[in-house]
Amino acid sequence: PTAISFDPYGYMYILDYSNARVQRWLPGASYGVTVVSAAMNAPVGMRIDRLGNIVIADTSYHRVISFALTCRK
């Protein structure tokens, strides 16, 4: 893991560098669920913005990518 963030509900999000994914862990859970799996190369930074999106710094592809955690109407 290269980054860890928490949302307002206490869920923990872990950026998995080697597997190019983000996993969400519920409080007290013993395993995580993959919520983002994408073509990333050397993702090293992550945060959750004020709108609830996961924002990732994908360093080798020289980009910042964003993924919505919720579906809005």
Side-chain angles (χ1 to χ4, degrees):
T2 57
I4 298 174
S5 291
F6 291 88
D7 70 10
Y9 306 104
Y11 298 148
M12 179 172 56
Y13 295 84
I14 299 176
L15 178 59
D16 184 348
Y17 178 92
S18 298
N19 294 310
R21 67 182 179 178
V22 176
Q23 287 204 312
R24 176 176 58 200
W25 293 67
L26 303 174
S30 58
Y31 62 91
V33 175
T34 300
V35 293
V36 172
S37 180
M40 296 183 279
N41 190 0
V44 295
M46 173 184 68
R47 77 175 290 162
I48 298 174
D49 69 11
R50 63 181 178 83
L51 299 174
N53 301 310
I54 295 177
V55 181
I56 299 172
D58 189 5
T59 58
S60 288
Y61 286 150
H62 308 289
R63 64 183 179 171
V64 174
I65 49 179
S66 178
F67 300 94
L69 287 176
T70 60
C71 295
R72 294 178 185 88
K73 293 182 181 182

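These values consider heavy atoms only, across backbone and side chains, with no hydrogens, waters or symmetry-generated copies. As the structure is a computational prediction, the values presented were derived from the model and not from experiment.
Between Asn41 and Asp58, the closest heavy-atom pair is O-OD1, 2.7 Å. Across Arg24 and Val35, no two heavy atoms sit closer than the pair CB-CG1, 3.8 Å. The two residues Arg21 and Met40 have their closest heavy-atom pair at N-CE, 3.8 Å. Residues Met46 and Ser5 approach most closely at O-OG, 3.3 Å, considering heavy atoms. When all heavy atoms of Pro27 and Gly10 are compared, the closest pair comes out as CG-O, 3.6 Å. Considering all non-hydrogen atoms of both residues, Tyr13 and Ile54 come closest at CD2-CD1, 3.9 Å.
Between Tyr9 and Tyr11, the ring-plane angle classifies as tilted under the 30° and 60° cut-offs.
Atom-to-atom distance recorded for Asn53:CG and Ile65:CD1 is 12.0 Å, nearest 0.5 angstrom. To the nearest 0.5 Å, atom CD1 of residue Ile56 and atom OH of residue Tyr61 are 13.5 Å apart.
Within a 6.0 Å sphere centred on CZ of Arg47, heavy atoms belonging to other residues, nucleotides or ligands number 12 at most.
The hydrophobic cluster containing Ile48 also contains Leu26, counting ILVMFWY residues as joined when their side-chain heavy atoms lie under 4.5 angstrom apart, directly or transitively. Two different hydrophobic clusters hold Met12 and Leu15 under the rule that ILVMFWY side chains link at heavy-atom gaps under 4.5 Å. Linking ILVMFWY residues whenever their side-chain heavy atoms come closer than 4.5 Å, directly or via other members, leaves Tyr17 and Ile14 in distinct clusters.
Of the possible polar contacts, one joining the Thr59 side chain to the Ala42 backbone as a donor-acceptor pair under 3.5 Å is found.
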